[in-house]
Amino acid sequence: MAAELLLNDKETLQLFAWQDRLGLQEHLLPLFDSKLKGDFNIQQFQFYAPPAISFLRLHKVSKYGDDLSSFRKTVVEANTTKKVVCGVEVGRGGLVCA
């Protein structure tokens, strides 16, 4: 639901394409805090650069740049195939639906 909302947001797509972390953060933090976390209890939302490099964590904006490809197999597959991939993975923070 959250991903589809953002895929229809031209500003989000442009900021991510430009690799504008600060702009993306400023644009999306209010939505994350009020709607995604507040209304839907989504605790984490993250953008990845290929293959699975953390580009922006809306839940922890100061941490980025780490390679998560060893355990974010769905992200690697999505970035490799350029197709939607769904699954459940266990990450550092527990179970995650990707």
Side-chain angles (χ1 to χ4, degrees):
M1 173 182 52
E4 187 165 324
L5 173 73
L6 296 178
L7 286 171
N8 290 313
D9 179 3
K10 291 181 191 237
E11 186 171 353
T12 295
L13 296 175
Q14 190 63 64
L15 290 166
F16 191 46
W18 288 339
Q19 299 287 291
D20 184 350
R21 182 179 296 106
L22 183 57
L24 200 56
Q25 176 183 322
E26 289 174 353
H27 178 62
L28 293 176
L29 265 179
L31 173 69
F32 176 70
D33 287 336
S34 67
K35 227 25 177 169
L36 301 180
K37 193 162 73 171
D39 292 350
F40 299 107
N41 200 30
I42 295 173
Q43 297 300 309
Q44 296 184 12
F45 201 97
Q46 188 163 190
F47 286 81
Y48 297 94
I53 308 297
S54 174
F55 178 74
L56 173 64
R57 288 175 170 94
L58 290 175
H59 57 283
K60 192 184 287 188
V61 295
S62 63
K63 186 174 182 182
Y64 57 88
D66 44 329
D67 185 353
L68 308 176
S69 59
S70 67
F71 59 93
R72 286 286 176 250
K73 301 302 182 187
T74 56
V75 174
V76 173
E77 184 179 342
N79 281 328
T80 301
T81 64
K82 306 290 188 223
K83 295 181 180 177
V84 174
V85 176
C86 296
V88 177
E89 296 177 326
V90 178
R92 294 178 187 144
L95 286 176
V96 176
C97 293

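Nothing here was measured: the structure is a model prediction, and the numbers come from that model.
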Testing Thr80, Thr81, Thr74 one by one against Glu77 for a side-chain contact (heavy atoms from CB on, under 4.5 Å), which residue passes?
Thr81

Between Tyr48 and Val75, is there a side-chain heavy-atom distance shorter than 4.5 Å?
yes

Could you see if Leu56 belongs to whatever hydrophobic cluster contains Phe32? Use Ile, Leu, Val, Met, Phe, Trp, Tyr and a side-chain cutoff under 4.5 Å.
yes

Looking at residues at least two apart in the chain, or sitting in another chain, which of them share a salt bridge (charged side-chain N to carboxylate O under 4.0 Å, His left out) with Lys73?
none

If you look at every heavy atom in Gln25 and Pro30, which pair is closest and at what distance?
O-CD, 4.4 Å

Return the CD to CG distance between Gln44 and Leu58, rounded to the nearest 0.5 Å.
11.0 Å

Result block: side-chain N/O donor-acceptor pairs under 3.5 angstrom for residues 5-19, not counting sequence neighbours:
residue	atom	partner	partner atom	Å
Asn8	ND2	Glu4	O	3.0
Asp9	OD1	Glu11	N	3.2
Asp9	OD2	Thr12	OG1	2.7
Asp9	OD2	His27	NE2	2.6
Thr12	OG1	His27	NE2	3.4
Gln19	NE2	Phe16	O	3.0

Cluster check Leu68, Tyr64: I/L/V/M/F/W/Y, side chain < 4.5 angstrom
no

Can you name the residues that form a salt bridge (charged side-chain N to carboxylate O under 4.0 Å, His left out) with Asp33, not counting sequence neighbours?
Lys37

Assess the residue pair Leu28 and Phe47 against the criterion (side-chain contact (heavy atoms from CB on, under 4.5 Å)); give the C-alpha distance rounded to whole Å, side-chain angles, the decisive distance to 0.1 Å, and a yes or no.
CA-CA 11 Å; Leu28 293 176; Phe47 286 81; 3.5 Å; yes

Can you list the residues that meet the side-chain contact (heavy atoms from CB on, under 4.5 Å) rule with Pro51, with sequence neighbours excluded?
Ile53, Ser69, Val76

Can you tell me how far apart NZ (Lys60) and CD (Gln46) are? Round to the nearest 0.5 Å.
10.0 Å

Name all pairs fulfilling the salt bridge (Lys or Arg N to Asp or Glu O under 4.0 Å) condition that reach into residues 19-28, sequence neighbours left out, sorted by first residue then second.
none

Report yes if some heavy atom in the side chain of Cys86 is under 4.5 Å from a heavy atom in the side chain of Val84; otherwise report no.
yes

Check whether any side-chain heavy atom of Lys63 sits under 4.5 Å from a side-chain heavy atom of Ser54, and report yes or no.
no

Lys/Arg-Asp/Glu bridge criterion (N-O < 4.0 Å) met for Arg72, Asp67:
no

Just checking Phe55: does its CZ atom have more than 12 heavy atoms from other residues, nucleotides or ligands closer to it than 6.0 angstrom?
yes

